[in-house]
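Along the sequence shown, the residues carry numbers beginning at 1. In this text the structure is predicted, and so the values were computed from the model without any measurement. We use all heavy atoms of the structure for the numbers below, so side chains are in, but hydrogens, waters and symmetry mates are not.
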Amino acid sequence: MAEALLRVEDLYKDFASLQVLKGVSMTLERGHKTAIIGPSGCGKSTLLRCINYMETPTAGHIHLDGELFGETKNGLSYHRMSERELARQRSQVGMVFQGFYLWPHLNARNNVAIAPMKVRGMSKAEAYELADAMLEKVHMSHKAAEFPERLSGGQQQRVAIARALCMNPKVMLFDEPTSALDPEMIKEVLDVMIELAKDGMTMLCVTHEMGFARTVANRVIFMDKGEIVEQNVPEEFFNHPKSERTKLFLSQILHN
């Protein structure tokens, strides 16, 4: 059996005395899409931030494409990588947040092009060509010259997705990418994510969008209180949940 593209082993994360992640283990196969759902404060976003080493796990290990991520191993000892080493690895992981975090003083094209120039040393011409291709991919070519303040929330989020894609990541992490959007803007972002999924992008998505989880994901993970309570293929997860906690959560969010 081929090794999973992403492997999370027994991950813990403490903030002072608060234990946010309690031994989370999961795998993500190449080309697969996993949706993570659960109540607010259950550790979903912290899990994504630890996978990308934006937060350093208290314990546990992450492997990306067979390579230890965020750490080096010497004998039996593990040591956090330097920021320079981490930057190389992080470029393989695209991340899209709830907020858009676009540079306000740069237009859409420059927001997308800046990382390939700064991180990969691309020429301006090469980076612009790549940025234009990624903006086209998220249906934002017509707004390439616009600054963030002149874009809707949905348009800003699509630029943020293009910015992540331009680094040609091995996996895309989405942290509730539609939660800050008005209802009419949610669909335009989800549609782009669905297209990425169809193109074979490996995706790990923290989401409240149950329709997306049900129809796009290969696997659904339910988290509560820092732990994975249940995971299964969508049909089984939504139609035949096994855990009483999962049943209660689904009854509350799918009641209408």
Side-chain angles (χ1 to χ4, degrees), residues 6 8 11 13 15 18 20-21 24 26 28 33-57 90-91 93-104 106 108 111-112 114-115 134-135 137-140 143 146-167 169 171-197 201-214 216-217 220-226 228 249 252-253:
L6 177 68
V8 177
L11 212 64
K13 179 58 184 178
F15 292 100
L18 179 64
V20 179
L21 297 178
V24 173
M26 58 156 289
L28 182 60
K33 296 87 194 157
T34 293
I36 303 177
I37 65 173
S40 296
C42 71
K44 306 184 301 291
S45 294
T46 300
L47 174 59
L48 256 59
R49 294 175 70 87
C50 284
I51 288 173
N52 203 24
Y53 259 72
M54 296 178 71
E55 299 284 356
T56 303
R90 281 202 190 107
S91 70
V93 181
M95 187 141 183
V96 178
F97 302 89
Q98 297 175 38
F100 319 124
Y101 303 116
L102 300 179
W103 297 105
L106 299 178
N111 260 288
V112 176
I114 190 168
M134 294 304 104
L135 287 170
K137 198 175 187 71
V138 300
H139 311 295
M140 284 295 292
K143 297 289 186 179
E146 296 286 3
F147 288 82
E149 66 178 14
R150 294 179 57 85
L151 299 175
S152 71
Q155 290 171 336
Q156 289 188 60
Q157 191 61 294
R158 284 188 281 157
V159 172
I161 292 172
R163 178 181 58 188
L165 289 174
C166 76
M167 297 302 286
V171 60
M172 285 282 285
L173 309 180
F174 291 90
D175 185 8
E176 298 185 21
T178 60
S179 65
L181 302 179
D182 294 332
E184 65 269 22
M185 296 177 187
I186 290 174
K187 184 178 184 299
E188 65 188 58
V189 173
L190 287 178
D191 284 348
V192 166
M193 292 173 65
I194 290 168
E195 288 177 24
L196 291 178
M201 174 61 72
T202 307
M203 297 162 64
L204 184 60
C205 311
V206 169
T207 183
H208 290 301
E209 301 296 330
M210 294 302 116
F212 177 85
R214 188 190 288 266
V216 178
V220 181
I221 291 175
F222 173 61
M223 288 185 66
D224 190 32
K225 298 179 181 177
I228 292 178
F249 178 79
Q252 291 172 335
I253 61 171

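- The two atoms that bring Thr207 and Ala35 nearest to each other are CG2-CB, 4.2 Å, heavy atoms only.
- A donor-acceptor distance shorter than 3.5 angstrom exists from the side chain of Lys33 to the backbone of Ala197, with no hydrogens or angles considered.
- Across every non-hydrogen atom of Phe222 and Gly38, the tightest pair is CE1-CA, 3.6 Å.
- With a 4.5 Å cut-off on side-chain heavy atoms, Leu204 and Ile51 count as touching.
- Between the side chain of Gln157 and the main chain of Pro177, a donor-acceptor pair closer than 3.5 Å is present.
- A distance-only check finds no donor-acceptor pair linking the side chain of Lys13 to the backbone of Cys50 [under 3.5 Å].
- For Asn111 (side chain) and Trp103 (main-chain N/O), a donor-acceptor pair under 3.5 Å exists by modelled atom type.
- Distance check: Ile37 CD1 to Arg214 CZ gives 10.0 Å after rounding to the nearest 0.5 Å.
- With sequence neighbours left out, the salt bridge (charged side-chain N to carboxylate O under 4.0 Å, His left out) criterion links Glu146 to Arg150.
- Scanning all heavy atoms of the two residues, the minimum distance from Leu165 to Met201 falls at CD2-CE, 3.7 Å.
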- Message: Quick one, Leu196 with Lys137, criterion side-chain contact (heavy atoms from CB on, under 4.5 Å). Give me CA distance, side-chain angles, the key distance, then yes/no.
- Response: CA-CA 9 Å; Leu196 291 178; Lys137 198 175 187 71; 3.8 Å; yes
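- The backbone N or O of Gln155 lies less than 3.5 Å from a partner atom in the side chain of Ser152, making a donor-acceptor pair.
- In this structure, CG in Leu135 is found 10.0 Å from CZ in Arg158, a value given to the nearest 0.5 Å.
- Under the side-chain contact (heavy atoms from CB on, under 4.5 Å) rule, Leu48 has a single partner from Met95, Glu176, Glu55, which is Met95.
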- Task: Evaluate the criterion side-chain contact (heavy atoms from CB on, under 4.5 Å) for residue pair Thr202 and Leu6; output intermediate values, then yes/no.
- Result: CA-CA 9 Å; Thr202 307; Leu6 177 68; over 6 Å; no
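- Interatomic distance, Lys44 NZ to Leu21 CG, rounded to the nearest 0.5 Å: 11.5 Å.
- Between Val93 and Tyr53, the closest side-chain pair of non-hydrogen atoms is not below 4.5 Å.
- The minimum heavy-atom distance linking Ala164 with Gly94 is given by the pair CB-CA, 4.1 Å.
- Contact annotation: the side chain of Asp224 approaches that of Pro39 to within less than 4.5 Å [non-hydrogen atoms, C-beta and beyond].
- Shortest non-hydrogen contact noted between Asp175 and Ser45 is OD1-OG, 2.7 Å.
- You'll find the side chain of Glu209 reaches within 4.5 Å of the side chain of Ile186, heavy atoms only.
- Interatomic distance, Met26 CE to Ile36 CD1, rounded to the nearest 0.5 Å: 5.5 Å.
- Atom CD1 of Ile114 and atom CG of Leu102 lie 11.5 Å apart (nearest 0.5 Å).
- Judged purely by distance below 3.5 Å, without hydrogens or angles, the side chains of Glu188 and His139 never pair a donor atom with an acceptor atom.
- Closest heavy-atom contact between Pro148 and Leu106: CD-O, 3.1 Å.
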- Message: Quick one, Asp182 with Met185, criterion side-chain contact (heavy atoms from CB on, under 4.5 Å). Give me CA distance, side-chain angles, the key distance, then yes/no.
- Response: CA-CA 5 Å; Asp182 294 332; Met185 296 177 187; 4.1 Å; yes
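- A 6.0 Å sphere centred on CD of Glu184 holds more than 12 heavy atoms belonging to other residues, nucleotides or ligands.
- Interatomic distance, Thr46 OG1 to Phe15 CZ, rounded to the nearest 0.5 Å: 5.0 Å.
- Side-chain contact between Phe100 and Ile161 is absent, with no heavy-atom pair separated by less than 4.5 Å.
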- Yes or no on side-chain contact (heavy atoms from CB on, under 4.5 Å) for Met54 and Phe97, after CA distance, side-chain angles and deciding distance? CA-CA 12 Å; Met54 296 178 71; Phe97 302 89; 3.5 Å; yes
